[in-house]
Amino acid sequence: MPELPEVETVARGLQMTVAGRKIISVTLGKTDFIDNPAELEQQLPGQHISRIERFGKFMLVRLSREADGSNSATSGDSLLVHLGMTGHLSPHAAAEPFPKHTHVRFLLDDGRELRYTDARRFGRIAYLAAEHLLKELGRFGADPLEIGEAEFETLLRSHNSRIKALLLDQTALRGVGNIYADESLWRSRIHPMRIASNLSVKEARTLRKNLQAVLREAIALRGSSIIDFLDADGEPGEYQRRHRAYGRERKPCYRCKTGIRRAIVAGRSSYFCPKCQPAPRSARKRSKRRKTVTHRRKRTS
DNA sequence: CTCGATCCCTGGACGC
DNA sequence: TGCGTCCAGGGATCGA
């Protein structure tokens, strides 16, 4: 499940291996996850890949009509690529047979093919001219690695949603997904159902620090390989070995040995330590009768 | 504004 | 061995 660290890893790999190459042709398979497939076929051949960067969970393939994309002669057009859950983008020898679920093949001028494979097709590819790109990118929130303390504080204060939901909201912060949300909350001892605006100043600082630390450490280890994430060289990441909460249901908390719990928050599995990350009152089972019946009973299970 | 539900999609795990 | 069922989850969308 590619989140910020995994996408960063792939983008860096591609920057090393395919930046500067010219796209000769484009071959499409299934296109229901592509915004404008015909435009890919029309616009891409002849353009150069000037640079590959990460933007949230997107990869941004910057294109140029010139061989040297170093200056602003770049067309400004870009390919926006989201890996969804199971997307892969990596170069291969063009002669190598391509696997099932290979939906886009960019033939490069050095005999290789940049291939996009995605079994579930939860990903997205869009060819965007400069103006549309800016508009598209404008929908997203701050980069979690760049956001400052004051801005983070303001963000939390202005949302009454659960902190987990806020972390996952790409229009609030771009790039955080389920794994790193849970990991940063565990480190910060904050329950995923806490209301963002209710966090103390100290908690907000702690959370921002831990979120950034988790993301940086994960990038250094080339991401987490949970299901089938592989970097651009086809190598798995190592960060899954460092997970302290995510995927550890019933396993002992690394701090207090209490069994890690799993609950659905913001529609996603959320893992947390019930002792280190105390639940807010608002997280108690919501009953439609709660307004009138204020009884409390012993915790069940 | 915020929530949950639903859908998209396929493969892997699991039970029988 | 094979089949049915459930689950994973990023994101869009819709109704409450």
Side-chain angles (χ1 to χ4, degrees), chain A residues 1-8 10 29-37 54-59 80-89 99-104 116-126 135-141 144 154-183 185 191-199 215 223-230 236 240 243 245-250 260 262-271 280-291:
Chain A
M1 40 214 66
E3 302 181 25
L4 187 154
E6 291 75 33
V7 178
E8 178 74 29
V10 174
K30 289 190 179 176
T31 59
D32 55 357
F33 63 99
I34 301 175
D35 283 28
N36 37 16
R54 176 190 63 75
F55 185 91
K57 294 178 192 172
F58 285 94
M59 272 185 293
L80 200 57
V81 180
H82 195 298
L83 300 175
M85 290 294 298
T86 52
H88 297 273
L89 185 64
K100 201 173 165 184
H101 305 307
T102 299
H103 302 304
V104 186
Y116 181 81
T117 66
D118 188 353
R120 293 178 211 177
R121 306 203 300 285
F122 276 14
R124 177 185 169 201
I125 293 181
K135 200 165 145 195
E136 177 69 25
L137 299 187
R139 300 170 41 218
F140 296 93
T154 302
L155 185 68
L156 265 51
R157 291 284 161 261
S158 61
H159 288 268
N160 297 318
S161 52
R162 294 160 173 169
I163 185 61
K164 172 78 182 259
L166 179 59
L167 290 173
L168 294 180
D169 181 353
Q170 302 300 296
T171 68
L173 282 177
R174 65 176 118 109
V176 182
N178 208 30
I179 296 175
Y180 300 102
D182 279 5
E183 291 300 310
L185 288 171
H191 192 283
M193 287 185 160
R194 293 277 305 281
I195 301 300
S197 56
N198 289 347
L199 296 191
L215 293 172
S224 301
S225 292
I226 295 297
I227 302 208
D228 61 353
F229 168 73
L230 297 175
Q240 65 279 8
H243 292 176
Y246 183 82
R248 300 193 66 250
E249 186 176 16
R250 288 189 294 276
I260 294 292
R262 184 175 81 99
I264 302 298
V265 184
R268 297 287 173 252
S269 280
S270 299
Y271 300 88
R281 302 192 92 67
S282 61
R284 306 253 199 266
K285 290 268 189 293
R286 12 185 96 196
S287 148
K288 287 173 186 170
R289 281 169 272 118
R290 187 154 48 109
K291 272 185 184 165

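Chain identifiers are assigned alphabetically (A, B, ...) following the order of the sequence lines, protein sequences preceding nucleic acid strands; residue numbering begins at 1 within each chain.
Whole-Å rounding puts the A:Leu155 CG to B:dC1 P distance at 14 Å. Taking atom NZ on A:Lys164 and atom P on B:dC3, their separation rounds to 13 Å, with Å as the unit. At whole-Å resolution of the value, CG in A:Asp182 and C1' in C:dG10 are 15 Å apart. In this structure, NE2 of A:His103 is placed 11 Å from P of B:dC9, rounded to the nearest angstrom. Spacing between atom CG of A:Asn198 and atom P of B:dT2 amounts to 12 Å, rounded to whole angstrom units. Taking atom CE on A:Met85 and atom P on B:dG12, their separation rounds to 13 Å, with Å as the unit. Summarising the geometry, the separation between CD on A:Glu6 and P on C:dG10 is reported as 11 Å, rounded to the nearest angstrom. If you measure from atom CZ of A:Arg121 to atom C1' of C:dG10, you get 15 Å, rounded to the nearest angstrom.
Between A:Tyr246 and C:dG9, a side-chain N or O to OP1/OP2 separation shorter than 4.0 Å is present. The side chain of A:Ser269 places an N or O atom within less than 4.0 Å of a non-bridging phosphate oxygen (OP1 or OP2) of C:dG9. Note on A:Lys30: every side-chain N or O is 4.0 Å or more away from OP1 and OP2 of B:dC9. Within the 4.0 Å cut-off from OP1 or OP2 of B:dT2, at least one side-chain nitrogen or oxygen of A:His159 is found.
With distances taken from any side-chain atom of A:Arg162 to the nucleotides B:dC3, C:dG9, B:dG11, the minimum falls on B:dC3. Here the side chain of A:His101 is nearest to one of B:dT10, C:dG10, C:dA8, namely B:dT10. Closest to the side chain of A:Asn160, from the set C:dA8, B:dT2, B:dG11, is B:dT2. Across B:dC9, C:dG10, B:dT2, the shortest atom-to-atom separation from the side chain of A:Arg120 is found for B:dC9.
In terms of heavy atoms, A:Arg262 sits closest to A:Ser269 at NH1-OG, 2.6 Å. The minimum heavy-atom distance between A:Leu167 and A:Val176, with the atom names listed, is O-CB, 3.3 Å. Closest approach of A:Thr117 to A:Pro99, counting heavy atoms only: CG2-CG, 4.3 Å. When all heavy atoms are compared, the tightest approach of A:Tyr271 to A:Arg248 is CD2-N, 3.9 Å. Nearest approach of A:Phe58 to A:Val7, heavy atoms of both residues: O-CG1, 3.6 Å. Considering every non-hydrogen atom in both A:Val265 and A:Lys164, the closest pair reads CG1-CB, 3.9 Å.
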The test is side-chain contact (heavy atoms from CB on, under 4.5 Å); show your working for A:Met59 and A:Leu83 and say whether it passes.
CA-CA 8 Å; A:Met59 272 185 293; A:Leu83 300 175; 3.9 Å; yes
Sequence-aligned protein contact record of nucleotides 11-16 of chain C, with B where the base is within under 4.0 Å of a protein heavy atom and S where only the sugar-phosphate is:
BS----
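In terms of position on DNA chain B, the residue among A:Gly267 and A:Asp32 whose nearest nucleotide sits closer to the 5' end is A:Gly267.
Counting any heavy atom pair closer than 4.0 Å across all strands shown, A:Arg174 reaches no nucleic acid atom.
Partners of A:Glu136 by side chain to side chain contact (heavy atoms under 4.5 Å, CB included), not counting sequence neighbours, listed by chain and number: A:Leu80, A:Arg124, A:Leu128, A:Arg139, A:Phe140.
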